[in-house]
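Reading through the structure tokens given below for one structure.
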Amino acid sequence: MLLSDPEMESSILISSDEGATYQKYRLTFYIQSLLFHPRQEDWVLAYSLDQKLYSSMDFGRRWQLMHERITPNRFYWSVAGLDKEADLVHMEVRTADGYAHYLTCRIQECAETTRSGPFARSIDISSLVVQDEYIFIQVTTGGRASYYVSYRREAFAQIKLPKYSLPKDMHIISTDENQVFAAVQEWNQNDTYNLYISDTRGIYFTLAMENIKSSRGLMGNVIIELYEVAGIKGIFLANKKVDDQVKTYITYNKGRDWRLLQAPDVDLRGSPVHCLLPFCSLHLHLQIPENPYSSGRISSKATAPGLVVATGNIGPELSYTDIGVFITSDGGNTWRQIFDEEYNVWFLDWGGALVAMKHTPLPVRHLWVSFDEGHSWDKYGFTSVPLFVDGALVEAGVETQIMTVFGHFSLRSEWQLVKVDYKSIFSRRCTKEDYQTWHLLNQGEPCVMGERKIFKKRKPGAQCALGRDSSGTVVSEPCVCADWDFECDYGYERHGESQCVPAFWYNPASPSKDCSLGQSYLNSTGYRRIVSNNCTDGLREKYTAKAQMCPGKAPRGLHVVTTDGRLVAEQGHNATFIILMEEGDLQRTNIQLDFGDGIAVSYANFSPIEDGIKHVYKSAGIFQVTAYAENNLGSDTAVLFLHVVCPVEHVHLRVPFVAIRNKEVNISAVVWPSQLGTLTYFWWFGNSTKPLITLDSSISFTFLAEGTNTITVQVAAGNALIQDTKDIAVHEYFQSQLLSFSPNLDYHNPDIPEWRQDIGNVIKRALVKVTSVPEDQILVAVFPGLPTSAELFILPPKNLTERRKGNEGDLEQIVEMLFNALNQNLVQFELKPGVQIIVYVTQLTLAPLVDSSTGRSSSAMLMLLSVVFVGLAVFLIYKFKRKIPWINIYAQVQHDKEQEMIGSVSQSENTPKITLSDFTEPEELLDKELDTRVIGGIATIANSESTKEIPNCTSV
């Protein structure tokens, strides 16, 4: 299969005759990566550039869409013997709200009804890992990450790290031999990780090594400098940071004991090496190559047990200078130097031979081959023209005995592939006499991982070809269990060489929370046998956990959480709760869950519900959710405050068009729909980068400088966040006047902000043209709703010099000019051909001069006093009108006149009277953008949906 260049086209080329001919199949999507089934060679998964997952069951000839919004590199084929269906796919899917979920489905049956979610709650993005018998996921709540594991497709259980490890990051290093190796970066670490190893189920982890060095790869990925030696179980190499120095350590029992590497006795030239432990040792570079066609700095093969080749140095710490290549033939007990420069070394012929090529940016022509584990090397030329080598492909175990080297003859040339067939250098097939045996030791101790092992390998110098079963274990005998075959159990820490004591946070007398009265549990002795260790007898009985009866326990550590870990739920949607309890007999405990809205549920003999307890809230608000657990030994309570919200759809910011400097302005935000529960408002004024935060929909603010200021409000409800922005002009003083228009304008009013702004600009230009008033001293704002109306603002000059020369009297002169033009119907504009609009002054709502000066304040005070005296006089006349006969006579005459006037104005006796039903409900008024004014003696309530007129009304 070949993929076309996505910049040219999207297609697949398939050959069924080893590349002699190809057939092209065009695709409707662009492939980013492919994942082939481990057993069915025609089954392929394709991940597209737009994050969709496709499947094919005929080697890419036809494709079917499986799912959208798949997280990159988080999809996996089924594992044989664990998943029921061979075509099952595990995948991490992101929802529209940004959360991720773990789903499984079959490639030909991935409809929404056939998908399943093995984990009910949402998970962290890029956290799904399916590896061997284990499935791992991560869930973060309250800023703290929790990790879950499923062993052999059982229900998920929370991973138990030591209580105060508080991980920031976790990487699964290995799941070989029914055990998990995990690198955990704890809260106080930056460039190092701690190594933890688990029990068989992958739940309980104990510390194996602290402060392992980490680095970043080319793509930003984390690289943990830990290496598992292939071919022999239990052997690991690690680079540990000790007092700002990095040193290489080795373990033979899966991390229970570590020691430094003994340096070679002699160097490459045969001179003695003076290197005394622990001050000096051998240190190796353990990074796995990101280029699959490079041997990397360390290499081992399962077909060549005990043989490890690595780049490193001798000294007090790991160095990147003065490095060479070293080899061990006995699993890391002794080392030899084979090159004094950096070489790439590959295993040939099932690991029976080594081929080396110099690691250099310069072109090369030669390679070296060794048949005696690097003691001697034969030089071979593989190209007549020096080649810039980019990589080599060597598959240990391939019977063709061909190595493919690829590179460039020059920096501008095409790729060159060189096939190196080394079959001719083997004179014959190996026979029984060509092999020898060797014993695996750990510093002289023959028992490694509870066994005595004897391996066979080809004798050094025997230039014969190996077979598939040419090397491996010849003898394996169990050993008697000793201290080094046991590690500390969960909750215990090692003191000295072998003693395991409880950590300060762990209570060894407390059984598992799953332990119910009448059942039994295994009470740990503080020790557990290392996983895959095959020792027998000896200390095994002493350290094995003992069965004990479960004691009855009162409920303790009760928790109630939502499945997604959030404290927000949407009105009308399922809110799912999970009840957790740290201690207590679940089977004999009664649970009550009160949802806080008058509804509660009870469970007798409670057992955890994997899918959670679902409830739908019919109204928005903050609800106190209470869980209560009780048995015959005690009780416990847990409380959760849940915010139930209704999605916000629209916010309208209400601000005045013009404000006075140093005068407080009231600003409000109207949100629809109105019944949303608790909302948070974020206010920005002018150039401020930090918002003011309120729970109230209104706020008061004082502008200190003149000019145009921007006001922005954001309203948050749950995950929804909406925004509105308005401008406000700030001046020392101004005048304003309401405007009305020809009735035909209402017919053409779409009542949208853009139209109102354009009409305001048209009126402004018409006023400037008629009166020659400076443009910057006029502002026209058209109101929303019908009938169409606007407000005219007359502003002081922007130029401070002109403002100082003039005074407020000049502003009144401008007002008079504008009013004259409006009263004479001189301000007109053509809305469209044949539609002429006249602008009028709304006489009944003349706005007084708004000013901050003291002179105007005293005028306003005189007017206020006059109104008070007139009101007092009216009150006295009303009080004593019976004692003044002429008053009654005048009132009767005036009443008759009013009756006549009302009778002439009324159109008919069927004119509707005003009742409560004529008005919109108060709640509905809050949901709409309202504008209430008195125009021409008719009060109108205008909004974008309807207009109701109230006849015969002269004031509101």
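One-based numbering along the sequence shown. Since the structure is predicted, the reported quantities are computational estimates derived from the model, not experimental observations.
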### Query
Yes or no on side-chain contact (heavy atoms from CB on, under 4.5 Å) for Phe734 and Ile660, after CA distance, side-chain angles and deciding distance?
CA-CA 8 Å; Phe734 65 89; Ile660 298 296; 3.4 Å; yes
### Derivation and outcome, side-chain contact (heavy atoms from CB on, under 4.5 Å), residues Phe29 and Leu65
CA-CA 10 Å; Phe29 58 94; Leu65 176 65; over 6 Å; no
### Message
Set out, in order, the CA-CA distance, both residues' side-chain angles and the distance that settles side-chain contact (heavy atoms from CB on, under 4.5 Å) for Leu695 and Thr680, then state yes or no.
### Response
CA-CA 5 Å; Leu695 297 178; Thr680 306; 4.0 Å; yes
### Message
What verdict does the side-chain contact (heavy atoms from CB on, under 4.5 Å) test give for Phe685 and Leu692, after you've listed the backbone C-alpha separation in whole Å, the side-chain angles of each residue and the deciding distance to 0.1 Å?
### Response
CA-CA 9 Å; Phe685 295 92; Leu692 300 175; 3.9 Å; yes
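At most 12 non-hydrogen atoms from other residues, nucleotides or ligands lie less than 6.0 angstrom from NE2 of His573. More than 12 heavy atoms of other residues, nucleotides or ligands lie within 6.0 Å of CD in Glu830, so this atom counts as buried by the packing criterion. Around atom CD of Gln836, more than 12 heavy atoms belonging to other residues, nucleotides or ligands sit under 6.0 Å away.
Judged by distance alone, with hydrogens and angles left aside, the side-chain atoms of Asp746 form no donor-acceptor pair with the main-chain N or O of Leu786 at under 3.5 Å. Between the Asp594 side chain and the Thr626 main chain, no donor and acceptor come within less than 3.5 Å of each other. In this structure a side-chain-to-backbone donor-acceptor pair under 3.5 Å is present from Gln571 to Lys618. A distance-only check finds no donor-acceptor pair linking the side chain of Ser740 to the backbone of Thr842 [under 3.5 Å]. A side-chain donor-acceptor contact under 3.5 Å links Thr694 to the backbone of Asp696. For the pair Gln777 (side chain) and Leu795 (backbone), a donor-acceptor distance under 3.5 Å is present.
Contact between Ser619 and Val644 at its shortest, heavy atoms only, is O-CG1, 3.4 Å. Arg661 and Leu704 get closest at one heavy-atom pair: CD-O, 3.3 Å. The minimum heavy-atom distance between Met817 and Thr771, with the atom names listed, is CE-O, 3.2 Å. Gly785 approaches Asn749 most closely through the heavy-atom pair O-ND2, 3.7 Å. Heavy-atom minimum distance, Ser122 versus Tyr99: OG-CD2, 3.8 Å. Closest of all the heavy-atom pairs between Val780 and Ala790 is CG1-CB, 4.3 Å.
Rounding to the nearest 0.5 Å gives a distance of 6.0 Å between CD1 of Ile125 and CZ of Arg94. The CD atom of Glu812 sits 10.5 Å away from the CZ atom of Phe819 when rounded to the nearest 0.5 Å. We find the CG-NZ distance between Leu779 and Lys764 to be 6.5 Å, quoted to the nearest 0.5 Å. The NE2 atom of His748 lies 6.0 Å from the CG atom of Leu831; values are rounded to the nearest 0.5 Å. Note that CG of Leu767 is 12.0 Å distant from NZ of Lys769, once rounded to the nearest 0.5 Å. To the nearest 0.5 Å, atom NE2 of residue His643 and atom CZ of residue Arg566 are 13.5 Å apart.
Checking Thr725 against Thr712 by side-chain atom types alone, a donor-acceptor pair falls below 3.5 Å. Side chains of Thr708 and Asp727: a donor-acceptor N/O pair is absent below 3.5 angstrom, by distance only. Defined by atom type and a distance below 3.5 Å, a donor-acceptor pair is missing between the side-chain atoms of Asn574 and Thr576.
Of the candidates Asn761, Thr788, Asp751, Asp751 is the only one forming a side-chain hydrogen bond (donor to acceptor under 3.5 Å, both in side chains) with Arg756.
Partners of Gln714 by side-chain hydrogen bond (donor to acceptor under 3.5 Å, both in side chains), not counting sequence neighbours, listed by chain and number: Gln723.
Taking the six-membered ring where tryptophan is involved, the planes of Tyr617 and His615 are perpendicular, since the angle between them exceeds 60° and thus also 30°. Aromatic ring orientation, Tyr681 versus Trp683: parallel (interplanar angle below 30°, classes split at 30° and 60°).
Side-chain contact between Thr562 and Phe577 is present, with heavy atoms from C-beta onward closer than 4.5 Å. Contact check for Phe623 versus Leu640: no side-chain heavy atoms found under the 4.5 Å cut-off. Within the 4.5 Å cutoff, the side chain of Thr95 has no heavy atoms near those of the Val93 side chain. Within the 4.5 Å cutoff, the side chain of Asn666 has no heavy atoms near those of the Ser698 side chain. With a 4.5 Å cut-off on side-chain heavy atoms, Val839 and Phe829 count as touching. Considering only heavy atoms from C-beta on, Ile70 stays 4.5 Å or farther from Gln51 through its side chain. A 4.5 Å side-chain heavy-atom check between Val827 and Leu739 finds every atom pair outside the cut-off. Under the 4.5 Å side-chain criterion, counting only non-hydrogen atoms from C-beta, Phe701 is not in contact with Val655.
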